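Here's the structure we're looking at; comments come further down.
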Amino acid sequence: MDSAAHYLGFDFSTQQLKVIAVNEQLHVVYEDNVQFDKDLPEFGTQGGVHVHEDKLTVTSPVLMWLKALDCILDRMKASGFNFSKIKALSGTGQQHGSVYWRTASREVLNHLPAEQPLHIALQTCFSISDSPIWMDSSTRAECHHLEKSIGGAQVLANITGSRAYERFTGNQIAKVYKQKPKEYSQCERISLVSSFAASLFIGDYAPIDYSDGSGMNLLDIHKKTWDETCLNACAPGLKEKLGSVVPSSSVLGNVSSYHVQRYGFSPHCSVVAFTGDNPASLAGMRLEEGDIAVSLGTSDTLFLWIKDPTPALEGHIFINPVHFEDYMALLCFKNGSLMREKIRDNCSSASWEEFSNILRSTPPGNNGHIGFFFDVMEITPQVVGIHRFNAKNQKVSEFPQDVEVRALIEGQFMAKRIYAERLGYKILPQTKILATGGASCNQDILQVHYLCLVRCFRI
Ligand SMILES: Nc1ncnc2c1ncn2[C@@H]1O[C@H](COP(=O)(O)OP(=O)(O)O)[C@@H](O)[C@H]1O
Ligand SMILES: O=C(CO)[C@@H](O)[C@H](O)COP(=O)(O)O
């Protein structure tokens, strides 16, 4: 019998909730996921989100995340999983999303009744039921206001690591305050998706961690404290609603009695602060200085470990989740997997296998054809639309299907390379390029990615 300790990790990402348990040798002993669209159809999401009529506002129902956690834990229990062996747990969340806890919810969280699932026990605890998430780009006015209040985009970047970005939580909170002042005033705590998820395990409001907190345009990444000018520019009374910030590897306490009674966790099981999914990937992939990681999840991101931050008007600097004196640099592209899925459906009969066959049978460089595919408003660069160019650099309205598939993948990875180079990222002989996220299982996508990043960097 395996009596050794196990460790549990959760990922509250855009399209699903994933869980993984490992033993002390880091062997996976349990793995599962709840796909929001498929497993919880009652919430009517597409890709885990609701895109509103203006096409800019994007939210996810907070109760869906709760129900997903109920569902995944119940399935574990039903499978006979032994929760008492879990020595510590932690997790990650899609970055920038915000959860608005209604006044007096801390009391409810402190005394959760073990016989009720979380989505019932906490159903009245949110003053905003649809949480703004990272895909939202509806806060342009709030971004202008924040940059103006602090003395300009570069000043804001110098303090918080990024100029004002529409998905960054401070700007989202400013919009909530402006458009739903009653709900804002009825809220006693604002969590990120990561700290919201940690709260569900400790049975209390969990602090925001430094690394995920860096994606809010509110945290001074050098002093590691909230910046008063940014807070005041976004909404009144915000400091109290945000609570404290802690290093990303802090132990927050033990799992609450709710989980001990309902699932049989040990009362000594530690809960480590949850962080953003990208910072967690940097930690989990054991990225070292000089390495570059590419995450191909719902979003595509490119990130690296850095020591000396030079915040720019493009890209982001976050506090490093492993060593909080260091930093991580990150670029985020919104048109990632969902854009690839769309072209897969149009050009390769909705089959990844066929998509791969096309990539294998078309030449690198695509005989001079190139395309930029932005189905929704991109983050870097801020554009929307599909732009195809033939070998003579003339704009064309369509490509043959095989050319289209290669143009998409080459275009996506060339954009990553161009932006990374612009930010001064360098590939050295010892540099490792690591890939993670759903699409990283596709060898043919990775091959194009390798050619675009490594070959082009080295030439
Ligand atoms: N074989 C494959 N080839 C390319 N992309 C894939 C493949 N399998 C899954 N994916 C992509 O992975 C994405 C999900 O990645 P994942 O990292 O799990 O997302 P998230 O964590 O953001 O919910 C899907 O949207 C899908 O397009
Ligand atoms: O906005 C960002 C990073 O700044 C996104 O990378 C989100 O963190 C969503 O992550 P995935 O669900 O795509 O993993």
Side-chain angles (χ1 to χ4, degrees), residues 9-20 31 33-39 45-49 58 60 65 68 91-98 132-137 161-162 165-169 171-172 192-194 211-217 274-282 284 293-303 314-318 328-345 348 350-359 376 378-380 405 408-409 412 435-449:
F10 294 88
D11 177 21
F12 286 75
S13 63
T14 314
Q15 303 189 55
Q16 60 208 298
L17 167 62
K18 305 183 194 109
V19 67
I20 189 166
E31 214 174 350
N33 65 74
V34 171
Q35 302 271 339
F36 300 135
D37 298 359
K38 182 169 68 68
D39 298 324
T45 56
Q46 270 193 328
V49 309
V58 186
S60 290
W65 294 330
T92 81
Q94 52 169 299
Q95 297 198 255
H96 319 294
S98 43
I133 65 143
W134 69 275
M135 292 167 107
D136 186 285
S137 34
S162 305
Y165 278 87
E166 288 162 323
R167 71 191 192 288
F168 274 44
T169 326
N171 307 305
Q172 294 294 332
L192 292 178
V193 177
S194 54
S211 211
D212 211 14
S214 310
M216 302 174 78
N217 277 146
F274 284 39
T275 187
D277 51 7
N278 293 296
S281 296
L282 177 129
V294 180
S295 167
L296 307 173
T298 308
S299 62
D300 283 359
T301 61
L302 190 137
F303 51 88
E314 270 166 355
H316 315 298
I317 307 285
F318 297 153
M328 70 180 277
L330 179 135
L331 283 167
C332 182
F333 303 88
K334 205 191 282 181
N335 292 275
S337 280
L338 300 180
M339 190 68 240
R340 288 188 285 275
E341 281 176 27
K342 194 162 186 179
I343 300 293
R344 175 202 63 183
D345 295 349
S348 63
S351 147
W352 285 125
E353 215 178 296
E354 182 55 25
F355 192 90
S356 284
N357 287 339
I358 293 176
L359 285 178
V376 288
E378 188 47 90
I379 297 165
T380 19
V405 166
L408 165 73
I409 301 298
Q412 286 187 327
T436 183
S440 67
C441 67
N442 188 317
Q443 287 302 318
D444 302 288
I445 290 180
L446 291 189
Q447 181 63 19
V448 178
H449 151 204

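The structure presented is a predicted model; accordingly, all values stated were derived computationally and were not measured. When a ligand or atom number is given, it counts from 1 through the structure's own listing order.
In terms of protein heavy-atom proximity, atom 22 (O) of ligand 1 is nearest to Thr298 OG1, 2.5 Å. The protein heavy atom nearest to atom 2 (C) of ligand 2 is Cys332 SG, 3.5 Å. Nearest protein neighbour of atom 18 (O) of ligand 1, counting heavy atoms only, is Gln16 NE2, 2.8 Å. For atom 3 (N) of ligand 1, the closest heavy atom belonging to the protein is Asn442 ND2, 3.1 Å. Looking at atom 23 (O) of ligand 1, its nearest protein heavy atom turns out to be Ser13 OG, 2.8 Å. The shortest contact between atom 11 (C) of ligand 1 and any protein heavy atom is with Ser337 OG, 3.7 Å. The protein non-hydrogen atom at the shortest distance from atom 11 (P) of ligand 2 is Asp277 OD2, 3.2 Å. The single protein non-hydrogen atom nearest to atom 26 (C) of ligand 1 is Glu341 OE2, 3.1 Å, given as residue, atom name and distance.
With sequence neighbours excluded, no residue forms a side-chain hydrogen bond (donor to acceptor under 3.5 Å, both in side chains) with Glu341.
Here the side chain of Asn217 pairs a donor or acceptor atom with the backbone of Ser162 at under 3.5 angstrom. No side-chain donor-acceptor contact under 3.5 Å links Gln94 to the backbone of Gly276. Side-chain N or O atoms of Ser356 include none that pairs as donor or acceptor with a backbone N or O of Asp444 at under 3.5 Å. In terms of modelled atom types and a separation under 3.5 Å, the side chain of Asn33 and the main chain of Lys18 share no donor-acceptor contact. When atom types are taken as modelled, the side chain of Tyr165 and the backbone of Ser137 share no donor-acceptor pair closer than 3.5 angstrom. The backbone N or O of Thr301 sits nowhere less than 3.5 Å from a side-chain atom of Ser299 that would complete a donor-acceptor pair. Looking only at distances, no side-chain donor or acceptor of Gln16 sits under 3.5 Å from a matching main-chain atom of Ala68.
One option in Gln95, His316, His96 has a heavy atom closer to atom 4 (O) of ligand 2 than any other, and that option is His96. Across Phe36, Phe355, Trp352, heavy-atom proximity to atom 4 (C) of ligand 1 is greatest for Trp352. Remark: among candidates Gly47, Ser299, Gly336, the nearest residue to atom 13 (O) of ligand 2 is Ser299, based on non-hydrogen atoms.
Those atoms of ligand 2 that come under 4.0 Å of a heavy atom in Thr298, given as number and element, are 12 (O), 13 (O). For ligand 2, the atoms sitting less than 4.0 Å from at least one non-hydrogen atom of Thr301 are 6 (O), numbered in the order shown with element in parentheses. Applying the 4.0 Å criterion to heavy atoms of Arg167 picks out, from ligand 2, the atoms 1 (O), 2 (C), 3 (C), 4 (O). In summary, the atoms of ligand 2 found under 4.0 Å from a heavy atom of Leu330, numbered by their order in the structure, are 4 (O). Close contacts of ligand 1 with Gly437, meaning ligand atoms under 4.0 Å from a residue heavy atom, involve 17 (O). For ligand 2, the atoms closer than 4.0 angstrom to any heavy atom of Thr14 are 9 (C), 11 (P), 12 (O).
Of the polar atoms of Gly438, at least one N or O is found under 3.5 Å from an N or O of ligand 1, judged by distance alone.
Checking each of Thr14, Ile133, Thr45 against Ser60 for a side-chain contact (heavy atoms from CB on, under 4.5 Å) leaves exactly one that passes, namely Ile133. With Cys332 as reference, Arg167 is the one residue of Glu378, Gln95, Arg167, His96 to meet the side-chain contact (heavy atoms from CB on, under 4.5 Å) rule.
Side-chain contact check for Leu359 versus Val405: some heavy-atom pair is nearer than 4.5 Å.
Asp11 and Thr92 share a donor-acceptor pair across their side chains, judged by distance under 3.5 Å alone.
Using cut-offs of 30° and 60° for the angle between ring planes, the Phe355 and Trp352 rings count as perpendicular.
In this structure, Lys18 has a heavy atom closer than 4.0 Å to ligand 1.
Looking at Ile445 against ligand 1, only its side chain comes within 4.0 Å, counting heavy atoms. Of the heavy atoms in Cys441, only side-chain atoms (C-beta onward) come closer than 4.0 Å to ligand 1.
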